[in-house]
Amino acid sequence: MATFSQSTIDKGSDILPDFLCVTCEDKKLDEIADFYCESCVKFYCGTCIGMHSQLFTKHAPYGRGDMKKWPLAKKVEDFLLKCDIHRDQITEIFCDEHSELCCKNCAFLNHRHCQKVTLISDIVKNQSTDLQQLSFSIQRILKKMKRLQDNQDASIQYVQSSYDEQLHTIQETRREINAALDTIEQKTLKEMKETLTKLQASSKSDVDKCNRFMDELKRLRDAIHDISDKSKQELSFIATRKCKDKIEQSETFLQENSLQVKVSITFQPNSDIAQYLSKLSGLGKIEHSTKTLKLQDNPNKIITVQGKFVHNVKISSDSKVCSIIAICVLPDKEVLVIDSNNNKVKLLDQEYQVVSHWSATAWASDMCLIAPSEVAVTLNATHKNIHEIQFITVNNRQLVTGSKLQLPHLYRGIAFHHGYLYVTADTALYKYTMNGKLVCKMYEDNTDSYTVNRCAVSPTGDRLYITNSSQHKLLTLARDGSVLATFIEPALQSPRGVHVTPAGQVLVSGLGSSTILQVDSEGRRRLATLATQEDGVLKPMSVCNNRYTASLIVGLEDNNSILVFKVQ
């Protein structure tokens, strides 16, 4: 086997191999290799390959585009060969009776009485493996595991929200009685806190299990990808067994958790507490209710509007009429809005009152949530050559600016999914890493001025939605940027904002038609008209679902108010 240097770069898997340039390594430099020369059996970086090519003109090194022709990384080989129980031993035996991979120690300790214990090297002579199908199976399980993890995270937030709501009832009850209740109040709050901790611990346990299974599945997926073209039959067999075992364990776990439990806490005050104060041990009775929900959300469930509220978001320092061009809802139920006319990001409390704001030095055009209390805001000022993404964190009701990304072009809309930023630039959609590195230009349409206005990503990341304002379209793209569907109809004119709910429901605002529409998740047909000009929706710039209060928030052009529709 060829000998070579390798390192590991964190790209979502701790066994993902990379290789070091041997020439640089001799100089005690760790430089990632970009080429492998099969004739030299060595790796070279982009700089050293030039000298190599001058010295060895007949050698034909393989670049990273031909990594299938590179040797299998030793770290991957060790990961698969190493016995799961005896870490210093190599897996080289298979017990057919127990369907287990074994090292020599395992075979001696646990399988010496078994009749069908065979060397793996003998088994693979007459048996093939389907690594590609295993990779698909792992990917399927990972998606289910991620959905379960997201639902359990949401459960933690939900019980926290109900806990926060019931604290208000406790405080109201407390005001009606005298100071002698201090001790009883502390006992009640302690019991409630213990209940919260106990309930959250159950969901956190499932989240931790999801993380463990997902990590193991990802490692196996990466490993079988690396050996798929290496003709390593022993490794393929071992990988097959490990994958099947881990898939079986994961599917069992998913089956056991196929129904998601939604837990909430309620506090029921005792109206006779003053009369029976000396006999009571707490302010009231703390209970929790459990709702069993199906794990799978329905992205095409039609939203029903039940009522409307109007909230003023103008503040004294605003010099112009507000235009709410973007909206984000934080997990603690606070809301961030961009007022583009006044170049401000405003923080609203749970009653939609402005409690804080941040003044931008350029035109703020869009924002997206990237963490529970952090957003990314797009800023542009062409005459000042400013094209930035500003990260802002909400801390104790204050907007704190963080780092910035400088990109080489104007960008109008922004969305975030699984560590990547999706940025629109009037006629194109780009994909960037969180440190500002361009991954690719996903889509482009130069037939008009604003063919790529705003964007949104489905919860699973398999679909992207972009508004084509100039041609009155909503486009649905695949992960690779190819167009899956085009939605056009008279009820949607000059579409501006597009939003996807956590359940996958697609909402789009028609600036020219003064409508809010719900479109099916395929992006092919209208499911419902949620609001029109008759409902007060005049030139809607943005729309956002507030899942914590079961409502839709709509931002309008040249209007000092936002509209909040209660929905079901």
Are F565 and D535 side-chain neighbours, meaning at least one heavy-atom pair lies under 4.5 Å?
yes
Is there side-chain contact between Y411 and I389, with heavy atoms separated by less than 4.5 Å?
yes
Measuring from atom CD of E351 to atom NZ of K333, what distance do you get when rounded to the nearest 0.5 angstrom?
10.0 Å
Would you check if the side chain of S513 reaches a backbone N or O of A491 as a donor-acceptor pair within less than 3.5 Å?
yes
Answer yes or no: does atom CZ of F416 have more than 12 heavy-atom neighbours from other residues, nucleotides or ligands under 6.0 Å?
yes
Donor-acceptor pair, side chain of S373 and main chain of T393, under 3.5 angstrom:
no
Whether D520 side chain and R525 backbone form a donor-acceptor pair below 3.5 Å
yes
Whether K314 side chain and K320 backbone form a donor-acceptor pair below 3.5 Å
yes
Any donor-acceptor pair under 3.5 Å from N546 side chain to Y548 backbone
yes
More than 12 non-hydrogen atoms from neighbouring residues, nucleotides or ligands closer than 6.0 Å to CD on Q568, yes or no?
no
Do NZ/NE/NH1/NH2 and the carboxylate oxygens of E522 and R463 come within less than 4.0 Å?
yes
Residues, nucleotides or ligands: over 12 heavy atoms within 6.0 Å of K344 NZ
yes
Passing candidate, side-chain contact (heavy atoms from CB on, under 4.5 Å) with I338, options I324, N343, V377:
V377
To check you understand the geometry: which heavy-atom pair defines the closest contact between L484 and R524, and what is its length?
O-NH2, 3.1 Å
Between atom CG of L189 and atom CG of L196, what is the distance when rounded to the nearest 0.5 Å?
12.0 Å
Would you call N453 and P495 a side-chain contact if the rule is heavy atoms closer than 4.5 Å?
no
When every non-hydrogen atom of V375 is compared with those of M367, the smallest separation belongs to CG2-SD, 4.4 Å
After noting the C-alpha distance and the side-chain angles of V310 and L563, does the key distance pass the side-chain contact (heavy atoms from CB on, under 4.5 Å) rule?
CA-CA 5 Å; V310 180; L563 305 180; 3.8 Å; yes
Is it the case that over 12 heavy atoms from other parts of the model lie below 6.0 angstrom from the NZ atom of K566?
yes
Q471/T447 under side chain to side chain donor-acceptor pair (under 3.5 Å): CA gap, chis, key distance, verdict
CA-CA 9 Å; Q471 299 168 350; T447 60; 2.9 Å; yes
Hey, does the side chain of E557 reach the backbone of L511 with a donor-acceptor pair shorter than 3.5 angstrom?
no
Before you tell me yes or no, could you show the steps for Y465 and L474 under side-chain contact (heavy atoms from CB on, under 4.5 Å), namely the whole-Å CA-CA distance, both residues' side-chain angles and the distance that decides it to 0.1 Å?
CA-CA 7 Å; Y465 306 92; L474 174 70; 4.2 Å; yes
What are the two closest non-hydrogen atoms of C322 and D318, and how far apart are they?
SG-OD2, 3.7 Å
What's the spacing between E444 CD and L429 CG if we round to 0.5 Å?
10.5 Å
So which atom in A360 and which in L379 form the shortest heavy-atom distance, rounded to 0.1 Å?
CB-CD2, 3.8 Å
Using a 3.5 Å distance criterion without hydrogens, assess whether the side chain of H472 forms a donor-acceptor pair with backbone atoms of S494.
yes
Regarding D366 and R412, does a basic nitrogen lie under 4.0 Å from an acidic carboxylate oxygen?
no
Just wondering, do I32 and R64 contact through their side chains at under 4.5 Å, heavy atoms?
yes
Could you tell me whether the side chain of V508 reaches within less than 4.5 Å of the side chain of R454, counting heavy atoms only?
no
Are the side chains of S542 and I325 in contact, using a 4.5 Å heavy-atom criterion?
no
Whether Y430 and Y432 hold their rings parallel, tilted or perpendicular, with breakpoints at 30° and 60°:
tilted
Output the distance between atom CG (L421) and atom NZ (K437), rounded to the nearest 0.5 Å.
14.5 Å
Report yes or no: does E388 contribute a side-chain atom to a donor-acceptor pair with the main-chain N or O of T378 at less than 3.5 Å?
no
Check the surroundings of atom NZ in K209: do more than 12 heavy atoms from other residues, nucleotides or ligands lie under 6.0 Å from it?
no
With N341 as reference, evaluate D558, N560, N559 under the side-chain hydrogen bond (donor to acceptor under 3.5 Å, both in side chains) test and give the passing residue.
D558
Using side-chain heavy atoms (C-beta onward) and a distance below 4.5 Å, is R221 in contact with L217?
no
Looking at every non-hydrogen atom in both residues, tell me the closest pair between K346 and V313 and how far apart they are.
NZ-O, 2.9 Å
Between D462 and K143, does at least one N-O distance fall below 4.0 Å, as a salt bridge requires?
no
Examine distances only and state if a side-chain atom of S521 and a backbone atom of P299 form a donor-acceptor pair shorter than 3.5 Å.
no
Side-chain contact test, heavy atoms from C-beta onward, threshold under 4.5 Å: evaluate it for D215 versus R212 and give yes or no.
no
Quick one, L399 with V394, criterion side-chain contact (heavy atoms from CB on, under 4.5 Å). Give me CA distance, side-chain angles, the key distance, then yes/no.
CA-CA 5 Å; L399 301 182; V394 179; 3.7 Å; yes
Mark yes or no for whether T501, through its side chain, and N545, through its backbone, hold a donor-acceptor pair below 3.5 Å.
no
Of all the heavy-atom pairs spanning N312 and S561, show the shortest one and how long it is.
CA-OG, 3.8 Å
Could you check whether D222 pairs with K218 (Lys NZ or Arg NE/NH1/NH2 to Asp/Glu carboxylate O, under 4.0 Å)?
no
